[in-house]
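Order of listing sets the numbers, starting from 1, for every ligand and every atom in it.
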Amino acid sequence: MQTRDPLSLLESIFEKTPDLQTPCYIYDGVALELRLAELDRLFGDAFTLSFAIKSNPNAALVRRIAAATGHLDASSFFEVLRALEAGCPPARISYSGPGKRESELQRFIGCGAELVVEALDEVDMAARIAQAKGVVQKVLLRINPDGIPKGFGAKMSKNPSQFGIDEGQMAAAIAHIGARPGLDLTGYHIYAGSNCLDAGAIVENIANMTRIFGEAAALAGAPARKLIFGAGFGLPYHEGQADLDVAAVRDGIEASLAEIAANSLLAGAERALELGRWLVGPTGAMVATCLSGKESRGVRVAVCDAGFNVHLAACGMMGSVFQKNWPIHRLGPEPGGEAEYLLAGPLCTSIDTLARRITLPTLARGDRIAVLMSGAYGLTASPSGFISHPQAGEYLWTGDDLLDISSERVATHDAELPRSDG
Ligand SMILES: *Cc1c(COP(=O)(O)O)cnc(C)c1O
């Protein structure tokens with residue numbers, strides 16, 4: 001894959017627009033195109049790509065991604081609206097996530113998009129609403145597998161979970177859906193682990209999903225029309241980690257693809273490979289400015305204008321047990337000299353640290369730092385209201401221009417949905 005140097009891009013952006021306010025997120029639209037092309041080159045013959053909107057819901061990005069991928073996954077009702085706004089046809093949208101409100105299903109059902117059911121009471125509610133509206137709602141059953149290979153950073157299987165229906169309850173759930181006339185079981189969905197850098201573990205996980213999908217279709221006694229494979233492609237966030245070998249994943253899944261082709265209940269199904277972070281993570285950086293520097297008990301402390309209010313994950317607070325430093329760099333010409341820093345945010349709590357024991361070129365007030373790998377689960381995954389600092393902006397580099405896309409984050413919940421008979 002063609003790669004781009006994110007630091008020189010950021011430096012040239014700040015050279016041209018020195019007044020750009022921080023903290024902000026800057027996304028490289030050209031890098032995004034390259035990653036989309038890479039996924040298409042490797043997986044386009046075998047899968048539709050499904051983008052998980054929650055990894056970066058900014059409308060300017062979702063529009064670009066929707067134009068290139070065949071499918072969007074919405075994790076909330078708002079994200080369904082965002083997918084529609086982005087121009088994605090309803091039949092290309094799935095609505096997943098635990099805890100859907102009745103008022104949301106009232107609006108959603110019949111819009112033509114697929115409902116990913118996560119619990120039996122949700123199945124009942126959806127069936128009731130569909131019947132009252134006189135429509136048939138397409139549903140995908142989300143199955144939570146009993147196991148997932150080692151190597152997945154975030155796991156949703158094995159333990160008690162709000163996600164999907166346990167593999168052991170699959171038969172009962174399929175019968176339950178089959179008995180409800182307002183619902184049409186079109187297929188199955190599994191997303192049980194993520195942030196995996198081990199191609200072998202991803203291959204094994206896809207083989208396991210293939211087996212489960214085969215068993216589900218056999219239990220239903222009907223061909224599946226859609227199968228969604230939660231890919232779990234990970235990113236090297238920390239020192240010593242290497243990029244996931246996506247080409248090795250492609251080679252490794254041949255056996256699963258052959259198994260699907262040989263099974264008449266699966267062969268005709270549309271297959272979607274669903275992911276978020278791998279696509280957008282490396283295309284974004286969070287840029288902050290140093291506001292203060294001092295020495296405390298023998299350690300240099302630099303205080304920045306962004307902490308976990310802007311970037312929860314880099315502060316080690318999004319699912320990590322220990323804080324490990326993210327790829328953080330000082331922008332601009334080398335000042336000469338370097339030092340080890342405690343890099344703190346502006347929040348009045350001692351847990352607000354962007355990095356600990358990080359060696360950086362000497363920092364002075366006004367210097368900018370960039371946290372790379374920040375295009376996924378950045379701003380909207382952070383508690384931006386805490387302590388009322390200014391909201392971070394969002395910018396998109398198109399290759400020619402820097403667009404201010406801050407206003408495209410705003411969530412609106414009052415749009416009308418289309419009507420379709422499915
Ligand atoms: C979050 C999510 C994903 C994407 O996970 P990544 O780690 O960003 O690739 C895919 N599918 C579903 C249902 C999700 O909720």
Student: Got an N/O contact under 3.5 Å between Glu274 and ligand 1?
Tutor: yes

Student: Would you tell me whether Glu274 and Tyr191 have side-chain atoms, one donor and one acceptor, within less than 3.5 Å of each other?
Tutor: no

Student: Assign the ring pair His311 / Trp326 to parallel, tilted or perpendicular, where the plane angle (0 to 90°) is split at 30° and 60°.
Tutor: perpendicular

Student: Parallel, tilted or perpendicular: which one describes the rings of Phe229 and Phe213, with boundaries at 30° and 60°?
Tutor: perpendicular

Student: What is the closest protein heavy atom to atom 5 (O) of ligand 1, and at what distance does it sit?
Tutor: Tyr191 OH, 2.9 Å

Student: I'd like to check which ligand 1 atoms, numbered from 1 as shown, lie under 4.0 Å from a non-hydrogen atom of Ser75.
Tutor: 15 (O)

Student: Would you please name every residue forming a ring-ring contact (aromatic ring centres under 6.0 Å, His included) with Tyr188, sequence neighbours left out?
Tutor: none

Student: Could you pull out the closest heavy-atom pair between Trp278 and Arg35, with the gap in Å?
Tutor: O-NE, 2.8 Å

Student: For a side-chain contact (heavy atoms from CB on, under 4.5 Å) with Leu183, tell me which candidate from Gln131, Gln137, Lys138 qualifies.
Tutor: Gln137

Student: Just need the protein heavy atom nearest to atom 15 (O) of ligand 1, so name the residue and atom and give the distance.
Tutor: Lys54 NZ, 2.7 Å

Student: What protein heavy atom sits nearest atom 7 (O) of ligand 1, and how far away is it?
Tutor: Ser194 OG, 2.3 Å

Student: Is there a polar contact, in the sense of an N or O pair closer than 3.5 Å, between Tyr377 and ligand 1?
Tutor: yes

Student: Of all residues at least two apart in sequence or in a different chain, which pass the side chain to side chain donor-acceptor pair (under 3.5 Å) check with Glu270?
Tutor: Thr48, Arg92

Student: Against heavy atoms of His189, which atoms of ligand 1 measure under 4.0 Å?
Tutor: 13 (C)

Student: Which heavy-atom pair separates Ile143 from Glu167 by the least distance, and what is that distance?
Tutor: CG2-CA, 4.0 Å

Student: Please answer whether the main-chain N or O of Pro149 pairs with a side-chain N or O of Glu204 as donor and acceptor at a distance below 3.5 Å.
Tutor: no

Student: Would you check the N or O atoms of Leu275, main chain and side chain alike, for any that come under 3.5 Å of an N or O of ligand 1?
Tutor: no

Student: Among all protein non-hydrogen atoms, which one is nearest to atom 4 (C) of ligand 1, and what is the separation to 0.1 Å?
Tutor: Ala52 CB, 3.5 Å

Student: Out of all atoms in ligand 1, which are within 4.0 Å of some heavy atom of Asp73? Include the element for each.
Tutor: 12 (C), 13 (C)

Student: Looking only at distances, please establish whether an N/O atom of ligand 1 is found under 3.5 Å from an N/O atom of Arg142.
Tutor: no

Student: Using a 4.0 Å cutoff against the non-hydrogen atoms of Ser96, which atoms of ligand 1 qualify?
Tutor: 13 (C)

Student: Any idea which protein heavy atom is nearest atom 9 (O) of ligand 1, and the distance to it?
Tutor: Gly276 N, 2.8 Å

